[in-house]
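Heads up: the structure comes next, in structure tokens.
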Amino acid sequence: MKKISLLFLLFILQSVISAFADNYWQLDSTCNAIIWNVNPSQYGHRDHIEMSGKKVSAVLRYGVNPDGSFYMERGMVWPMLRTVPNNTHASLMRRVSLDPFFQMTIAERQVKEKVKSIKLDGTMTVVSDLNNGWLTAVRRYTPSTTLPMLIEKYSLTNNFNEPLYIVFPQQKLEFISPEWRGTEGQYRITAYAEQVASIILPPGETYEFGGYVTAGKLDDVIVAPNYDAEFSARENLVSHLTSNLILETPDANINRMFNFSKIRAAESIYATKGGPMHGPGGESYYAAIWANDQAEYANPFFPFLGYDYANKSAECSFEHFAKYMNPEYKPIPSSIIAEGESYWNGAGDRGDAAMIAYGASRYALEKGDKNTALELWDLIEWCLEYSNRKRNAAGVVESDYDELESRFPAGDANLCTSSLYYDALISAAYLADALKMPSSVAKKYRLQADQLAKDIEAHFGAKVEGFDTYRYYDGNDILRAWICIPLTMGIYNRAEGTAEALFSPRLWTDNGVLTQAGHNVYWDRSTLYALRGVCAAGYVDTALPFIESYSEKRLLGEHVPYAIEAWPEGNQRHLSAESALYARIFTEGILGLRPTGFNSFNITPYLPEKWNNMALRHIRAFNADMDIEVVAVGNDKIKVIVFNHGKRLLSKTIHRGKSLKVKL
């Protein structure tokens with residue numbers, strides 16, 4: 001196990017202790033939930049969470065008001081109801097506030113509410129006491145899996161020893177957009193709670209009713225949903241996602257965060273006219289795909305999950321990008337928008353071809369399907385050739401910007417693009433072998449990768465702010481978050497200095513890695529890449545305290561339960577692909593899983609010294625139903641056991657960090 005200096009370990013301890021602030025949330029007894037048991041000292045706290053279905057997304061802004069009552073504002077998005085101009089952000093949106101318990105009267109008295117708990121498990125459940133416990137009120141929220149609706153269920157239970165006379169406000173909100181605002185004319189947004197005008201509720205009895213927020217074209221007929229069926233469908237989806245690719249570690253927070261990451265990564269897929277399109281979300285990015293979020297971050301994760309709709313969305317995204325291949329080798333657009341009908345390329349070439357080649361080649365291997373791989377091969381080959389043609393005199397790949405699109409300087413050639421291209425070449429060589437292409441194809445790509453690794457070291461390798469790491473571009477002399485990228489691509493010659501730089505006070509904060517030393521901006525994607533890369537390079541014991549603190553903060557802290565995009569930009573939106581990057585810390589980082597064929601892979605497991613064992617169960621990549629177990633044996637050895645469909649394929653004791661080849 002690779003080590004770093006004692007002085008640096010002391011900094012790690014200090015940093016992690018400071019990150020463990022008081023948490024609002026705790027693990028619930030069910031395996032897929034967290035719960036906030038509200039106490040009066042926490043009144044006034046608010047948060048937001050995004051939940052998505054195939055035809056709707058909702059950013060629920062919720063919390064507890066200073067008087068103890070519940071707060072809810074729904075940020076509703078309908079990705080397939082397009083607005084004018086039909087650009088990246090042209091989904092129909094509306095903020096909606098409606099609460100059937102607001103201005104309700106109980107025995108002719110106004111409601112006095114105290115929220116008792118809020119639970120998240122892929123849905124949201126809020127439990128409150130009304131009027132000193134006379135009534136228990138329950139609110140539940142979920143996006144429909146198939147309808148353009150946010151589904152809501154409400155109940156009131158009489159805890160009093162007498163019947164209670166309850167009068168409800170009759171609430172129905174409608175918003176009609178102007179005809180010129182929609183690509184298909186006027187849209188109608190409807191929010192409705194289906195409670196009666198009044199009831200007499202006997203002691204011990206419960207009154208239940210439903211509500212919804214929906215939208216459609218002006219002449220669409222609204223059909224009230226089957227509330228129980230809608231919640232069951234959502235629960236079944238969550239159950240499917242959480243019962244595949246199961247992470248088992250001694251750390252309950254990490255296991256639960258991993259479970260939540262699968263939900264957010266896979267739910268944000270929209271049934272567009274251009275096919276299923278995975279979208280980042282955040283009340284901004286829907287019915288569209290990006291070369292980084294989808295091709296690079298999410299698509300290489302989906303085969304592990306066994307969710308067919310996610311795999312279809314990955315293949316759909318690559319099909320859309322492939323439409324823009326051209327014989328002149330002009331750049332493929334960074335983003336395909338408007339349900340596939342248009343594109344955005346406002347930042348020019350961000351190294352998008354390298355992102356696509358990296359994601360498509362890994363996806364093709366992991367999916368384990370020859371026909372899918374053949375369909376993707378032309379795109380992979382084109383993107384590799386495009387990147388090859390962009391190599392400069394130093395041998396590294398030029399681009400206009402990187403994925404941060406000029407938010408921070410990236411020079412004419414940046415470390416990220418060349419590193420992605422390097423890994424894409426390696427994966428493409430494995431893919432060419434799997435497709436039984438002439439040996440010259442794989443040989444060419446491996447030779448190009450070998451040379452590129454030397455060029456990356458010669459051009460980017462540098463001492464920056466005293467650390468033996470990388471400069472991000474020619475002339476860069478300030479530490480940058482993306483120095484972690486070579487580690488995630490299997491380039492380890494500067495691993496120790498890079499790990500020390502990433503976790504130094506210059507870059508690491510309580511919220512993860514700063515985009516650039518000296519700034520206050522952070523993006524979770526770079527933190528998650530850093531944690532994955534440091535683990536893959538063998539510094540898992542260095543990374544583990546940071547993984548623990550990051551997981552606890554995102555899962556149980558002030559803003560839960562998913563990885564976020566950025567701050568201050570976007571106010572820490574729950575963009576979906578970041579959650580896929582969290583899961584990949586464990587699949588590719590700690591386990592070191594690297595596809596080498598349609599039914600083969602290498603694993604280089606680095607079991608942390610404080611863990612006696614870990615397992616990843618029901619891995620669905622490579623057409624498998626596979627379990628990988630890792631068990632500590634003595635101080636420096638581990639036993640690796642691999643099962644497929646319950647049959648033991650491999651059981652071997654190795655030194656920590658040694659690679660094993662597995663063929664199913």
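Every heavy atom of this structure was used, including side-chain atoms; hydrogens, water molecules and symmetry mates were not. Just so we're clear, the structure is a prediction, and the values are computed from it rather than from any experiment.
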For this session: Indicate whether the side chain of Asn292 and that of Glu403 have a donor and an acceptor atom separated by less than 3.5 Å.
Result: yes

For this session: Take the angle between the ring planes of Tyr386 and Trp382 and call it parallel below 30°, perpendicular above 60°, tilted in between.
Result: parallel

List the atom pairs, with distances to 0.1 Å, where a side-chain N or O of residues 614-632 and a protein N or O form a donor-acceptor pair under 3.5 Å, not counting sequence neighbours.
unit_1: Arg617; atom_1: NE; unit_2: Glu248; atom_2: OE1; d: 3.0
unit_1: Arg617; atom_1: NE; unit_2: Glu248; atom_2: OE2; d: 3.0
unit_1: Arg617; atom_1: NH1; unit_2: Asp627; atom_2: OD2; d: 3.4
unit_1: Arg617; atom_1: NH1; unit_2: Glu629; atom_2: OE2; d: 2.9
unit_1: Arg617; atom_1: NH2; unit_2: Glu248; atom_2: OE1; d: 3.4
unit_1: Arg617; atom_1: NH2; unit_2: Glu629; atom_2: OE2; d: 3.2
unit_1: His618; atom_1: ND1; unit_2: Asp625; atom_2: OD1; d: 2.7
unit_1: Arg620; atom_1: NE; unit_2: Asn244; atom_2: OD1; d: 2.6
unit_1: Arg620; atom_1: NH1; unit_2: Asp625; atom_2: OD2; d: 3.4
unit_1: Arg620; atom_1: NH2; unit_2: Asn244; atom_2: OD1; d: 3.0
unit_1: Asn623; atom_1: ND2; unit_2: Gly368; atom_2: O; d: 2.7
unit_1: Asp627; atom_1: OD1; unit_2: His618; atom_2: N; d: 2.9

For this session: Establish, yes or no, whether the cationic atom of Lys663 lies under 6.0 Å from the six-membered ring centre of Phe601 and within 45° of the ring axis.
Result: no

Exercise. Going by atom types alone, do Tyr472 and Asp402 pair a side-chain donor with an acceptor below 3.5 Å?
Worked result: yes

Problem set entry | Rounded distance [0.5 Å steps], OG in Ser659 versus CG in Asn602 | 6.0 Å

Exercise. Ring centres of Tyr285 and Trp290 under 6.0 Å apart?
Worked result: yes

Exercise. Do Phe598 and Leu431 have side chains that get closer than 4.5 Å, going by heavy atoms?
Worked result: yes

For this session: On the 0 to 90° scale, with breaks at 30° and 60°, tag the Trp508-Phe503 ring pair as parallel, tilted or perpendicular.
Result: perpendicular

For this session: Answer yes or no: is there an ion pair linking Arg362 with Asp423, defined by an N-O contact shorter than 4.0 Å?
Result: yes

For this session: With sequence neighbours left out, write down each residue that passes side chain to side chain donor-acceptor pair (under 3.5 Å) with Ser268, or none if nothing qualifies.
Result: Tyr270

Problem set entry | With Ser576, the side-chain hydrogen bond (donor to acceptor under 3.5 Å, both in side chains) member among Glu267, Glu50, Arg264, His278 | His278

Exercise. Under the 6.0 Å and 45° cation-pi test, does Arg446 pair with Tyr430?
Worked result: yes

